[in-house]
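Below is one structure, written out as structure tokens, with a few remarks after it.
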Amino acid sequence: MLLAIQILLGVMFAGTGIGLVVDIIKNRMDELKGSTGKQWGSAFAVGIIANFLDTLGCGSYAPSTFMYKLFNQIDDINIPGTLNVGDTFPVIFEAFIFTTSVECDPIFLWVMFICAAVGSFGFASIVTKWPRNKIRIALGTIMIPLAAIMLCKNLGVGPFGIVGTATGLSGWKLIVAAALNILWGALMDIGFGLYAPCMATCLLLGVDAATCFPVFMGSCACLMPACSIEFIKSHRYDVPHTIGNAIGGCIGVFIAWKLVTGLPMFWLINLICIVLLWTSYTLLSAAKKDKAKGIA
């Protein structure tokens, strides 16, 4: 069953890549040719740095959104699609690495992967029709509880600090985990990273901390191609930043996997929490200003 998962990951990587290339060639060549050096620099910087952090378990959505706002080279309305489409490739790469190197029950993996994809695919068609300010408000609002979850996990507060030993779940625990992964998958479409809440869910139900990595990475790897289809069809993604995430992100994953043996994760995660809160503030402030001007 593990081999089947790895084959599935390879198929999704190739399928999403073909879909993206075909759409760019048919519909987005003008945007590709008109991209500036600043856009490409921003694109690859975000891809490498965010997915380097992603491989460490910090998630890529928060630092990506922070850097998008910092560099100011991408329209806010394209952030969810750019994140989901572009990060599909490095996340699949991560999932392949961790499913081959960390022990985990294959049935548990299959259930979690399928549920995440179902949640994401069912919600993508709704999110892609949202106006710019609705996306800003959604992203800005959900980043606050995400920061709280990550901080609690980092400090060992409540269930987020419990370390289990299970390499899989069954019975009612599997049902609860599966149901919540549908929710986490759906929220991925508006930039709410799955990593932290999925890890918190697994830890709360007694899963070993190391086993959480293939679970949340594989869940994202399966859901992101599903929702990417809708974002590609609706052209709600930024071409250079999506390519930067795809190529630069895989470079960041490789560097983290090969070179990083130990970092001060406690302080790194605390920094990510600060980044989340700052990004939330900037998005909500921008939405408030546009609303005051009568801009949707």
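Atom CZ of Phe254 sits in a sparse spot, with 12 or fewer heavy atoms from other residues, nucleotides or ligands closer than 6.0 Å. Open room surrounds CD1 on Ile107; 12 or fewer heavy atoms of other groups in view lie less than 6.0 Å from it.
What you find for Thr55 and Ala256 is that their closest heavy atoms are CB-CB, 3.7 Å.
Between the side chains of Thr211 and Thr167, no donor N or O sits under 3.5 Å from an acceptor N or O. Side-chain polar atoms of Tyr237 and Asp23 form a donor-acceptor pair below 3.5 angstrom. Side-chain contact, Ser60 with Asp87: a donor N or O sits under 3.5 Å from an acceptor N or O. Side-chain polar atoms of Asn181 and Thr201 form no donor-acceptor pair below 3.5 angstrom.
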List the steps, then state whether side chain to side chain contact (heavy atoms under 4.5 Å, CB included) holds for His241 with Asn78. CA-CA 10 Å; His241 283 82; Asn78 289 324; over 6 Å; no

Set out, in order, the CA-CA distance, both residues' side-chain angles and the distance that settles side chain to side chain contact (heavy atoms under 4.5 Å, CB included) for Phe96 and Gln6, then state yes or no. CA-CA 6 Å; Phe96 188 86; Gln6 293 165 354; 3.6 Å; yes

Show, in sequence, the C-alpha distance, side-chain angles and deciding distance for Asp238 and Asp75, and conclude whether the side chain to side chain contact (heavy atoms under 4.5 Å, CB included) test is met. CA-CA 8 Å; Asp238 182 89; Asp75 193 325; over 6 Å; no

Could you walk me through whether Thr36 and Trp40 pass the side chain to side chain contact (heavy atoms under 4.5 Å, CB included) test, one step at a time? CA-CA 7 Å; Thr36 65; Trp40 286 110; over 6 Å; no

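Atom CZ of residue Arg236 and atom OG of residue Ser228 lie 15.0 Å apart, to the nearest 0.5 angstrom.
Hydrophobic clustering (ILVMFWY, side-chain heavy atoms < 4.5 Å, transitive): Leu32 and Leu20 are in one cluster.
Using a 30° and 60° split on the angle between ring planes, Phe213 and Phe216 fall in the tilted class, from 30° to 60°.
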